[in-house]
Each structure stands twice: as structure tokens, then as C-alpha cells.
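Convention: sequence-line order gives letters A, B, ...; per-chain numbering from 1. All figures in this text were calculated on a predicted structure; none of them were measured in a lab.
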Amino acid sequence: GAVVSQHPSRVICKSGTSVKIECRSLDFQATTMFWYRQFPKKSLMLMATSNEGSKATYEQGVEKDKFLINHASLTLSTLTVTSAHPEDSSFYICSAREGAGETQYFGPGTRLLVL
Amino acid sequence: GQQLNQSPQSMFIQEGEDVSMNCTSSSIFNTWLWYKQEPGEGPVLLIALYKAGELTSNGRLTAQFGITRKDSFLNISASIPSDVGIYFCAGELYSGGGADGLTFGKGTHLIIQP
């Protein structure tokens with residue numbers, strides 16, 4: 001149980017375009033989903049917290065207009081990188097939890113390369 | 001924000017040896033977690049610790065939640081080649097607003113020589 005999927009697994013896009021990444025909880029309902037970013041050989045850094053049906057809470061330094069998060073249902077959250085630039089190239093990982101105090105389960109990650 | 005200091009950064013060991021790594025924090029956490037990440041994949045939960053002083057095992061892995069709630073260690077006994085990977089500690093703090101995201105350590109890269 002507790003499987004989280006992400007789509008796509010990797011994406012290459014041109015600078016200036018927007019990219020949407022999906023995060024799905026497959027066998028449980030996730031009241032909260034989190035988005036993390038990981039640079040090569042670095043740790044995971046929390047970008048934002050997304051609660052179903054409400055606006056996402058962004059960490060300091062993360063541009064909300066650039067990284068649009070939608071958590072429209074209890075099993076799906078999307079992260080859209082708008083007007084992507086090469087410095088946005090990174091490994092984006094989501095996690096999901098059923099409720100407060102429950103374990104976070106991570107997706108397999110999405111590798112974004114912006115040319 | 002909170003920071004986790006994880007050490008060592010990397011370990012080169014022989015197969016069969018025991019491994020120990022730890023994390024310390026300048027502030028307390030409600031939950032300590034240990035994850036393993038392999039290249040190109042998301043982290044996989046190894047052990048979750050919910051109470052100060054708690055000692056929990058998962059097969060050859062043992063982890064403890066420090067009494068002060070500011071530290072945790074992970075031990076791996078009798079290492080095998082498939083233990084290779086990057087191990088991350090993570091702390092979780094519950095605020096009045098509900099679920100908080102995890103704060104991760106910088107990782108310990110475990111390399112095993114057969």
C-alpha cells in the first residue's frame with residue numbers, strides 16, 4: 001500500500017515554456033501533498049505544502065507565480081513550472097500523506113531539463 | 001529555518017561491516033524519519049520514530065529518536081551490497097496549522113566494497 005506516482009518521470013523542454021508535473025496517491029486519499037526539489041548530489045528542499053481544496057503554502061524563497069500548485073482532488077496534485085529557465089532544471093519529488101501525523105510517502109520523482 | 005546536520009557525508013566500508021550514521025538539529029522535532037534514495041528515484045522510508053527515546057528496528061536497520069528530540073541515529077548491521085545508496089534523515093514538526101513538510105539532512109552516501 002501507500003503508493004505515490006508521478007508523471008512524467010522525465011521531461012525536456014525549451015526555455016520559456018511551461019511544464020506540468022502530476023503527483024497521484026494511488027491507494028489512499030491524500031489530504032496533504034508536498035513538493036520538494038533536489039539538485040544533483042544535494043538534499044531535498046521543501047518547496048510548498050498543498051492541502052486539498054485550498055491554496056498551497058510556499059516556503060520562503062519559492063516563487064508562487066512560477067511554481068503553480070493545484071490540489072484539486074484527494075488523489076492528485078499538480079506542479080506547473082511556468083516560463084521555465086535552465087536554472088529550473090532539477091529533480092522534483094512529491095510526497096503525500098493521508099492525514100496529520102501520518103507518514104509521508106514519496107513519488108519516484110520527475111527529472112526536468114530546460115534547454 | 002531549521003537545519004539538520006547529518007554525518008558522515010560518505011562511508012566506504014567492506015561488505016559485512018556495521019554502519020552508523022547520525023543527525024543532529026538545533027531545534028526539536030516531533031518525528032524523525034530515515035529514508036534511502038537510489039539514483040533517479042524518490043526516497044523510500046526505512047524507519048519512522050515518533051517518541052523521544054524510541055528505539056526501532058527494521059531487519060538489519062536500527063534507529064533511535066534522541067531523548068532531547070534533537071538527534072537520531074541509524075545503524076545498519078552486517079552490510080550487504082544492496083545497502084549501497086544515499087541515506088537521508090528527516091525531521092518533522094507539527095505546527096498549529098497542521099502538517100509540515102520534512103526537513104532533510106544532507107545525506108550519507110554509503111559505498112560498499114565486496
task = Search all heavy atoms of B:G40 against all heavy atoms of A:R111 and return the closest pair with its distance.
result = CA-NH2, 4.3 Å
ask   = Looking at B:F88, B:Y35, B:F104, which hits ring pair (Phe, Tyr, Trp, His ring centres under 6.0 Å) with A:Y36?
value = B:F104
query = Can you tell me if NZ on B:K106 sees more than 12 non-hydrogen neighbours from other groups inside 6.0 Å?
reply = no
ask   = Under the salt bridge (Lys or Arg N to Asp or Glu O under 4.0 Å) rule, what pairs show up with a residue in residues 56-83 of chain B, not counting sequence neighbours?
value = B:R60-B:D83
query = How many angstroms lie between atom CG of B:L102 and atom OG1 of A:T49, to the nearest 0.5 angstrom?
reply = 9.5 Å
key: Reported OG1-to-CG distance for the pair A:T103 and B:L33, which is rounded to 0.5 angstrom   = 6.5 Å
request  = Flag yes if more than 12 heavy atoms outside B:Q9 fall under 6.0 Å of its CD atom; otherwise flag no.
outcome  = no
key: Cluster link A:L74 to A:M33, ILVMFWY, side chain under 4.5 Å   = no
ask   = Has A:H7 got more than 12 heavy atoms of other residues, nucleotides or ligands less than 6.0 Å from its NE2?
value = no
task = State plainly whether one hydrophobic cluster holds both B:L46 and B:L49, where clusters connect Ile, Leu, Val, Met, Phe, Trp and Tyr through side-chain heavy atoms under 4.5 angstrom apart.
result = yes
inquiry  = With rounding to the nearest 0.5 angstrom, report the OG to CG distance, A:S95 to B:L45.
reply    = 11.0 Å
inquiry  = Quick check on A:Q38 against chain B: is it the side chain, the backbone, both or neither that has a heavy atom closer than 4.5 Å?
reply    = side chain
query = So what's closer than 4.5 Å to chain A heavy atoms on B:Q6: side chain, backbone, both or neither?
reply = neither
task = Kindly work out whether a path of hydrophobic side-chain contacts (I/L/V/M/F/W/Y, heavy atoms less than 4.5 Å apart) joins B:V84 to B:L61.
result = yes
query = Does B:S77 have any side chain to side chain donor-acceptor pair (under 3.5 Å) partners at least two apart in sequence or in another chain, and if so, which?
reply = none
ask   = What's the spacing between A:S9 OG and B:E41 CD if we round to 0.5 Å?
value = 11.0 Å
note = Besides A:I21, the hydrophobic cluster formed by Ile, Leu, Val, Met, Phe, Trp and Tyr side chains linked at under 4.5 Å, directly or via other members, contains A:V11, A:V19, A:W35, A:M47, A:Y58, A:V62, A:F67, A:I69, A:L79, A:V81, A:Y92, A:L112, A:V114
query = What's the shortest heavy-atom distance between A:L44 and B:P43, and which atoms?
reply = CD2-CG, 3.7 Å
ask   = Under a 4.5 Å side-chain heavy-atom rule over Ile, Leu, Val, Met, Phe, Trp and Tyr, are B:I13 and B:I76 clustered together?
value = yes
inquiry  = Using side-chain heavy atoms (C-beta onward) and a distance below 4.5 Å, is B:E92 in contact with A:Q104?
reply    = yes
message = Hydrophobic clusters here meaning ILVMFWY residues chained together by side-chain heavy-atom distances under 4.5 Å, can you tell me if B:V44 and A:I93 are in one?
response = no
request  = Could you please state which residues from residues 14-22 of chain B sit under 4.5 angstrom from chain A, measuring non-hydrogen atom to non-hydrogen atom, sorted by number, or 'none'?
outcome  = none
